[in-house]
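Scroll down for the structure; my scribbles are underneath it.
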Amino acid sequence: MTFSDLGLSSAIVKAVEEKGYTKPSPIQEKAIPPILSGKDILASAQTGTGKTAGFTLPVLQYLSETKHIKYRPLRALVLTPTRELAAQVYDNIREYSKYVNIKSTVVFGGVNAKPQIATLKKGVDILVATPGRLLDLHDRKAVSFKRIDVLILDEADRMLDMGFVRDINKIISFMPEKRQNLMFSATFSNDIKKLASGILRNPVSVETAPQNSTAKKVTHKVYKVDKKKKTAFTIKLIKDNNWNQVLIFTRTKHGANKLTQKLIKDGISAAAIHGNKSQGARTKALKNFKDNSIKILVATDIAARGLDIPLLPHVINFELPNVPEDYVHRIGRTGRAGATGEAISLVCSEESEYQSEIEKLLKEKLNSTIVAGFEPTDTAPPKRAASQSKRSFGKKNNSRNTTSSKRNKSKSKPHFKEHKLAKATSGRGRTGAAKKKRY
Ligand code: AMP
């Protein structure tokens, strides 16, 4: 199967070939033909599957083949949960649209809105945006949704987690009823299904991997480690194995900063990426990591979401996520494009329950190893706390929020709240759902 076989024009195929793609990925094979024929799509696809080209290529083709109106009203909108993902999708669109007469731009919060307004005023065909900034720009009459033909929701599950549902619905309310809708999500909770049923019309389902499964070529390793020795163990792993490109996940922004400082002190080049970092610092950290000027990128879940880091060999979960689906998202960053990857988790006693919930979701037991000198000596949390966390696990409803925040409060250190990122990104208040996740 070639890109031309999928019905893509020579101008699009040429740009894709210049990127070095020789054949379509499975999601591209499945998604491109129905999108070209104007169907709505509900696609289950993680970052790393080639999903961005999967929706961008047919939409670019559609836009370039339909008649241009001189002032270029906005005709396609891609909504993403984070600034980084928006910037990445936009970079892809620019590359793929090299040989077609299509104008695109990107808008997100955390940076000056004036240049964004100026670009929008000149007219663009396709816009990539985070929901909050987009609504601000709409309020300021810098953008109109009246001529939208195609709406794409990328990483819809994370947009829900970040509390963007109200913003999304508001944006849609300004659009014409008749349009094509494409929704991409890594997981399919009931909330996602509900959102999809309100937006999509007779969607074609596109699945590339079994629901909630992890990439096939990832090996999972669990090290049972004493909580206080996790940093030393991480340094040992990196140094003993001579690893040069590792993405490390921490649960909190504070934890990310602390670990980064310790790695640097130990002579390992590292940078942190999280919601408290300026957009400039985040972009720089990601660029340095991608071009190998730094070895380690330490990230919180939301900041790392959707980052395109090709062929990442190792992901370390410095702490296990307290929402099991996040484990799937995290390790989606390794073993991509057919390469094998290693997902390493450092699990202290109080995280054992998180591990069992992840195993339940994966339907797979994760083998645990204990390394001499780093054995867990800390004790599991008291029974009551454990049962609280059990109840709070895996259920994305309000009762989980309450128990989850109780659990956080019960810990000695306050947890930094990554959901502030959503607020910063949007510059407007969030719905109650924004308070769902605590990182
Ligand atoms: P995505 O899942 O869209 O974030 O894409 C992940 C990575 O795969 C990006 O670096 C893309 O440039 C790359 N990619 C997308 N489609 C293909 C393809 N057909 N062949 C090889 N690489 C691809």
Side-chain angles (χ1 to χ4, degrees), residues 1-9 12-33 35-36 41 43-61 76 78-98 104 106 126 128 152-159 182-187 206-209 213-218 245 247 273 286-287 289-292 297 299 303-313 315 328-341:
M1 177 75 75
T2 65
F3 283 102
S4 308
D5 294 340
L6 296 178
L8 292 169
S9 67
I12 304 265
V13 173
K14 189 173 168 198
V16 163
E17 280 172 355
E18 276 182 21
K19 283 279 288 171
Y21 306 168
T22 49
K23 60 182 180 64
S25 70
I27 181 94
Q28 291 160 4
E29 270 187 28
K30 287 184 187 164
I32 291 173
I35 298 176
L36 278 176
I41 289 276
S44 119
Q46 295 171 25
T47 298
T49 54
K51 68 180 165 72
T52 316
F55 63 76
T56 304
L57 303 179
V59 170
L60 283 174
Q61 172 146 329
V78 185
L79 288 177
T80 74
T82 64
R83 306 161 192 182
E84 281 79 9
L85 184 60
Q88 232 166 254
V89 170
Y90 172 56
D91 283 348
N92 279 319
I93 290 178
R94 261 195 353 206
E95 287 174 319
Y96 302 142
S97 60
K98 228 164 139 186
S104 55
V106 60
I126 177 163
V128 188
I152 300 129
L153 299 176
D154 195 8
E155 307 212 339
D157 48 350
R158 183 55 57 143
M159 283 204 272
L182 317 174
M183 190 190 278
F184 289 76
S185 185
T187 53
V206 176
E207 277 202 39
T208 46
S213 79
T214 57
K216 282 204 172 65
K217 290 193 176 175
V218 177
Q245 209 185 22
L247 177 62
I273 184 165
L286 184 61
K287 184 185 165 293
F289 184 60
K290 277 186 174 184
D291 67 21
N292 290 311
L297 189 64
R305 177 79 171 147
L307 293 186
D308 174 23
I309 304 159
L311 301 173
L312 196 61
V315 166
V328 179
H329 293 308
R330 286 180 178 190
I331 71 149
R333 260 138 287 271
T334 187
R336 57 180 38 186
T340 46

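Atoms within each ligand, like the ligands themselves, are counted from 1 in listed order. Keep in mind that the numbers below use all heavy atoms, side chains included, and drop hydrogens, waters and symmetry copies.
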*What atoms in ligand 1 come closer than 4.0 Å to a heavy atom of T52?*
1 (P), 3 (O), 4 (O)

*Ignoring hydrogens, just give me the one of Y96, F184, Y21 whose non-hydrogen atom is nearest atom 20 (N) of ligand 1.*
Y21

_Test log, rule side chain to side chain contact (heavy atoms under 4.5 Å, CB included), inputs M183 and M159_ = CA-CA 11 Å; M183 190 190 278; M159 283 204 272; over 6 Å; no

_Would V89 and F55 count as a side chain to side chain contact (heavy atoms under 4.5 Å, CB included) here? Give the steps._
CA-CA 10 Å; V89 170; F55 63 76; 4.2 Å; yes

*asked:* Are any of the N/O atoms on A53, whether in the backbone or the side chain, positioned under 3.5 angstrom from an N/O atom of ligand 1?
replied: no

*asked:* For L8, run the side chain to side chain contact (heavy atoms under 4.5 Å, CB included) check against T2, V16, I32 and tell me which one passes.
replied: I32

*asked:* Assess the residue pair T52 and Q88 against the criterion (side chain to side chain contact (heavy atoms under 4.5 Å, CB included)); give the C-alpha distance rounded to whole Å, side-chain angles, the decisive distance to 0.1 Å, and a yes or no.
replied: CA-CA 9 Å; T52 316; Q88 232 166 254; over 6 Å; no

*asked:* Within the 4.0 Å heavy-atom shell around S25, which atoms of ligand 1 are there?
replied: 19 (N)

*At a 4.0 Å threshold, what atoms of ligand 1 neighbour a non-hydrogen atom of K23?*
18 (C), 19 (N), 20 (N)

*asked:* Suppose I only count heavy atoms of F3 and a 4.0 Å limit; which atoms of ligand 1 are within that range?
replied: 19 (N)

*Mark the output for Q88 as yes if a heavy-atom distance to ligand 1 is under 4.0 Å, and as no if none is.*
no

*Give, for atom CD1 of I41 and atom CG of L153, the distance between the pair rounded to the nearest 0.5 Å.*
13.0 Å

*With no hydrogens and no angle check, is any side-chain donor or acceptor of E29 less than 3.5 Å from a backbone partner on M1?*
no

*Could you tell me whether T49 and ligand 1 have an N or O pair separated by under 3.5 Å?*
yes

